[in-house]
Amino acid sequence: MKATMKKALQIVVMNVFILFFAFNSKANDEKIPIITLNSPNTTILLKEDLKRDKAGMLYRVGVANSVNLNSLSNGTWTILPNRNRKWQLAISNPGAQSLSFIFKTFILEGNSKFWVENTKGEKVSNVLTSEDMLEDFQQNIAMCKGDFLILNLLEEAYTDPSKIELDRVFYNYRSTLKSKEKINESASCQINVNCSEGEDFQDEKRGVARVYIIEGNSAGFCSGSLVNNLAKDCKPLFLTALHCGISTSANDMNLWQFYFNYEAPTCSNPSSEGSLANNYVTGCIRLSDSNDNGGNTGSDFLLLQLGSVQNEASTITKLKGTNFQAYWNGWDANNVTSSNGKGIHHPSGDIKKISSYTSSLTSTSYGGSVSNTHWSLSWSATTNGHGVTEGGSSGSPLFTYNNGNSRIVGTLTGGSSYC
């Protein structure tokens with residue numbers, strides 16, 4: 001028995017040895033420089049997050065390393081047989097579920113292409129071209145799975161050099177590892193939006209999006225919805241909660257990402273994320289907010305315009321397109337209670353869920369001195385579970401029930417809600 005155990009132990013150790021070198025082989029064989037970043041103490045972060053979540057703060061999922069890396073001074077260039085040029089740089093941030101790359105300058109010339117891949121050569125981001133450039137030339141390539149990734153820039157021969165300057169790398173440590181094991185990271189009682197509970201909300205759900213928020217050196221999740229205006233001209237207005245971005249700078253808001261149609265196609269959870277996260281808009285501008293420090297004395301609303309003023313028309317076209325088929329939800333500002341309705345949201349940044357209330361809303365305050373700023377409710381058990389709300393659900397719309405023509409009557413600020 002001892003001999004057998006000793007042999008088994010030797011095999012395990014040898015496997016680890018081989019895996020270690022296989023993990024690094026691609027970067028080493030191709031002589032790609034490796035930048036290794038400091039990893040945070042996630043035990044401390046998660047303890048902080050317990051307090052943050054109870055206080056109704058942004059549901060934090062990542063923290064940043066500040067860097068100063070660019071395609072001229074860092075990485076390596078290779079001239080390919082067809083005279084095209086390829087730049088590569090490896091980033092290691094051990095222990096991260098995923099990495100997000102924030103560029104203060106991201107200018108792609110000609111037909112240049114940029115992507116992120118893992119050590120197996122698998123792409124873990126979309127391939128970006130000049131069409132993906134933002135007006136302020138920043139960029140957010142978010143939630144690339146893995147902690148050892150390779151940045152790639154491919155330029156055609158005789159093309160003017162592109163300009164790539166990396167400003168921050170976010171170490172995402174919770175609720176960003178969407179895979180077969182982790183697709184359902186929210187609580188077990190949550191209900192997918194395409195279960196029977198969502199049958200009368202198939203239009204409304206198309207307006208709801210998951211928001212990946214950049215705020216200084218923190219990244220987090222919230223939810224929200226496209227909303228119509230009185231002109232009904234499909235201006236890309238988006239309603240969420242102020243506490244999702246109280247002090248966010250305009251530059252960082254240009255990096256927020258809004259994921260539409262991030263949902264299970266049926267009532268069951270998919271086996272993997274696949275292409276669910278492909279429909280997103282990058283950037284927004286602040287139009288108005290409740291100016292109440294995140295709900296303590298007021299209504300905690302934040303109204304945004306997706307994209308920018310300059311690209312409003314193309315943003316609307318994108319949202320209306322066949323990939324998005326977005327829906328502009330209506331709203332009702334009358335102070336009239338409702339006896340039943342739904343909340344549609346992304347708890348813990350998970351795929352889209354739906355929760356139900358079946359007793360009348362109660363007008364109340366939320367920890368402040370001003371009365372009647374919020375609706376209070378309790379979520380109800382339904383056919384497929386007991387949908388609740390969690391961190392990441394903040395800012396999500398509360399709908400009254402109106403036979404397929406439901407309207408938003410509030411956005412989620414917080415409160416105790418669990419299976």
Side-chain angles (χ1 to χ4, degrees), residues 17-39 62 64-134 136-172 176 255 257 275 277-278 280 282:
F17 186 78
I18 293 170
L19 284 172
F20 178 82
F21 280 93
F23 183 71
N24 288 287
S25 63
K26 181 174 175 59
N28 288 338
D29 290 348
E30 298 183 10
K31 296 183 174 60
I32 302 172
I34 302 171
I35 302 295
T36 300
L37 303 176
N38 292 327
S39 299
N65 274 297
S66 295
V67 298
N68 184 17
L69 303 171
N70 62 72
S71 52
L72 292 178
S73 304
N74 308 101
T76 185
W77 284 94
T78 303
I79 304 299
L80 304 179
N82 60 0
R83 308 302 297 170
N84 288 351
R85 307 182 295 269
K86 188 176 185 180
W87 174 81
Q88 293 181 295
L89 175 66
I91 303 291
S92 173
N93 208 170
Q97 290 185 359
S98 66
L99 301 177
S100 297
F101 301 97
I102 305 299
F103 298 87
K104 65 179 180 181
T105 307
F106 190 84
I107 300 174
L108 299 182
E109 299 288 355
N111 294 319
S112 298
K113 298 177 181 178
F114 189 96
W115 69 94
V116 182
E117 64 185 34
N118 59 25
T119 54
K120 297 178 182 179
E122 300 167 335
K123 290 183 175 64
V124 292
S125 77
N126 290 339
V127 176
L128 280 73
T129 68
S130 59
E131 293 183 358
D132 298 298
M133 287 165 48
L134 305 177
D136 63 354
F137 301 117
Q138 294 189 95
Q139 190 54 264
N140 176 10
I141 303 181
M143 295 177 287
C144 301
K145 182 181 176 182
D147 63 359
F148 189 101
L149 301 174
I150 300 170
L151 310 182
N152 295 267
L153 170 62
L154 182 63
E155 298 179 337
E156 291 184 345
Y158 314 112
T159 300
D160 290 338
S162 300
K163 189 173 183 180
I164 303 295
E165 293 181 294
L166 186 61
D167 179 48
R168 284 166 285 175
V169 177
F170 275 91
Y171 179 105
N172 296 310
T176 63
L255 297 165
Q257 291 188 330
S275 60
N278 283 351
Y280 63 88
T282 299

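Side chains are part of it too, since the values below use all heavy atoms of this structure and drop only hydrogens, waters and symmetry mates. The structure presented is a predicted model; accordingly, all values stated were derived computationally and were not measured.
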> Are Glu109 and Thr159 close enough that a side-chain donor and a side-chain acceptor fall under 3.5 Å?
Replying inline: no

> Can Asp147 and Ser92 be counted as having a side-chain donor-acceptor contact under 3.5 angstrom?
Replying inline: no

Closest non-hydrogen atom pair, [X] against [Y]:
| X | Y | value |
| --- | --- | --- |
| Leu166 | Val169 | CD2-CG2, 3.8 Å |
| Asn172 | Ser100 | ND2-OG, 3.0 Å |
| Asn74 | Trp87 | O-NE1, 2.7 Å |
| Leu134 | Gln139 | CG-NE2, 4.1 Å |
| Ser162 | Ser112 | OG-OG, 3.3 Å |

[X]: which of [options] passes side-chain contact (heavy atoms from CB on, under 4.5 Å):
| X | options | value |
| --- | --- | --- |
| Val67 | Leu37, Ile35, Asp167 | Leu37 |
| Lys104 | Asn70, Asp136, Asn68 | Asn68 |
| Leu149 | Val116, Asn93, Ile141 | Val116 |

To the closest 0.5 Å, what do you measure between [atom1] ([X]) and [atom2] ([Y])?
| X | Y | atom1 | atom2 | result |
| --- | --- | --- | --- | --- |
| Leu151 | Ile91 | CG | CD1 | 5.5 Å |
| Leu72 | Lys163 | CG | NZ | 8.0 Å |
| Gln138 | Thr105 | CD | OG1 | 8.5 Å |
| Ser125 | Glu117 | OG | CD | 9.0 Å |
| Gln257 | Thr282 | CD | OG1 | 3.5 Å |

> Is the CG atom of Asn82 crowded by more than 12 outside heavy atoms at less than 6.0 Å?
Replying inline: yes

> Listed by chain and number, what are the side chain to side chain donor-acceptor pair (under 3.5 Å) partners of Asn152, not counting sequence neighbours?
Replying inline: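 Once residues adjacent in sequence are excluded, the partners of Asn152 under the side chain to side chain donor-acceptor pair (under 3.5 Å) criterion are Gln88.
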
Is any side-chain heavy atom of [Y] closer than 4.5 Å to one of [X]?
| X | Y | value |
| --- | --- | --- |
| Phe148 | Pro94 | no |
| Tyr280 | Asn278 | no |
| Tyr158 | Glu156 | no |
| Leu153 | Ile164 | yes |
| Leu89 | Pro33 | yes |
| Met133 | Ile107 | yes |
| Leu80 | Leu154 | yes |

> For Phe114, which residues count as a ring pair (Phe, Tyr, Trp, His ring centres under 6.0 Å) partner, sequence neighbours excluded?
Replying inline: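 Ring pair (Phe, Tyr, Trp, His ring centres under 6.0 Å) check on Phe114 returns Phe103, Phe106.
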
> Looking only at atom types and distance, does a side-chain atom of Tyr171 sit under 3.5 Å from a main-chain N or O of Gly95, one as donor and one as acceptor?
Replying inline: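 Present.
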
>> For the backbone of Glu122 and the side chain of Asn118, can you confirm whether one donor and one acceptor N or O come within less than 3.5 Å of each other?
In response: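 Yes, the answer is positive, given that a donor and an acceptor are paired below the 3.5 Å cut-off.
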
>> Is there a side chain to side chain contact (heavy atoms under 4.5 Å, CB included) between Ile102 and Leu255? Walk through the geometry before answering.
In response: CA-CA 8 Å; Ile102 305 299; Leu255 297 165; 3.5 Å; yes

> Under 4.0 Å between a Lys/Arg side-chain N and an Asp/Glu carboxylate O for Arg85 and Glu155?
Replying inline: yes

